Structures are given as structure tokens and as C-alpha cells.
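These numbers come from the heavy atoms of this one structure, side chains and all, not from hydrogens, waters or symmetry mates. This one's a predicted model, so the numbers in the text were calculated from it and none came from an experiment.
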Amino acid sequence: MMAQRSDVDLLQDLLAREHRLLSAYEAALRRDAIDPALGRLLAAHERAHVAALEQALAGRGNPVAT
């Protein structure tokens with residue numbers, strides 16, 4: 001059985017995953033590996049997810065580096 005993870009741990013893990021997704025979309029855009037409009041849309045969604053997670057973490061007294 002896995003040990004219970006705190007909400008902060010889970011949010012930090014999710015934030016790291018969102019950063020990786022954002023990086024992947026940005027890399028795909030730089031390499032012309034994705035339709036530009038779609039890539040920009042997906043990257044914008046990931047940026048919104050990152051911002052929301054950072055806000056949630058800051059609200060728990062855990063500022064995050066941006």
C-alpha cells in the first residue's frame with residue numbers, strides 16, 4: 001500500500017507534469033511539429049493550468065518558483 005501523500009505533494013507533482021507538457025508543446029511549435037494554431041492553443045491551456053496550480057500552492061503557504 002502506498003503511503004498517503006499530502007495535497008501539497010500531489011499539487012507539486014501535478015505542477016511538474018504540467019510544466020513538462022508545456023515544454024513539449026513549446027518544443028513542438030519551435031520544430032514545426034504541430035499545427036501552429038493548435039500548438040498555441042494547447043500551450044495556452046497548459047500555462048493556465050500551471051498558473052492555477054501555482055496559485056493553489058501559494059495559497060497553502062508554499063510559494064513556487066516560476
Side-chain angles (χ1 to χ4, degrees):
M1 183 168 91
M2 289 181 55
Q4 287 279 1
R5 294 178 65 194
S6 72
D7 289 345
V8 169
D9 289 337
L10 293 171
L11 289 169
Q12 288 173 334
D13 182 54
L14 199 53
L15 179 60
R17 291 169 190 262
E18 293 291 349
H19 274 292
R20 285 194 297 273
L21 283 169
L22 177 56
S23 293
Y25 290 130
E26 289 172 341
L29 282 166
R30 283 192 306 273
R31 293 182 179 110
D32 293 324
I34 191 170
D35 175 75
L38 177 60
R40 287 189 300 271
L41 177 68
L42 293 172
H45 282 254
E46 295 309 324
R47 282 187 201 94
H49 296 165
V50 165
L53 288 165
E54 288 174 344
Q55 184 177 13
L57 283 164
R60 293 179 173 276
N62 292 286
V64 292
T66 55

Hey, what do you get for [atom1] ([X]) to [atom2] ([Y]), rounding to the nearest 0.5 Å?
X     : Y     : atom1 : atom2 : result
Gln4  : Leu10 : CD    : CG    : 9.0 Å
Leu57 : Gln55 : CG    : CD    : 10.5 Å
Leu22 : His49 : CG    : NE2   : 11.0 Å
Leu38 : Leu29 : CG    : CG    : 8.5 Å
Leu42 : Ile34 : CG    : CD1   : 5.0 Å

Run the side chain to side chain donor-acceptor pair (under 3.5 Å) test against [X] and tell me which residues pass, sequence neighbours left out.
X     : value
Asp32 : none
Asp13 : Arg17
Arg40 : none

Closest approach of Tyr25 to Gly39 (non-hydrogen atoms, all atoms of both residues):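 For Tyr25 and Gly39, the tightest heavy-atom pair comes out as CB-O, 4.4 Å.
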
If the condition is salt bridge (charged side-chain N to carboxylate O under 4.0 Å, His left out), which residues does [X] pass it with, not counting sequence neighbours?
X     : answer
Arg47 : Glu26
Arg20 : none
Asp7  : Arg60

Hey, any chance Leu41 and Val50 share a hydrophobic cluster, counting ILVMFWY side chains that come within less than 4.5 Å of each other, even indirectly? no

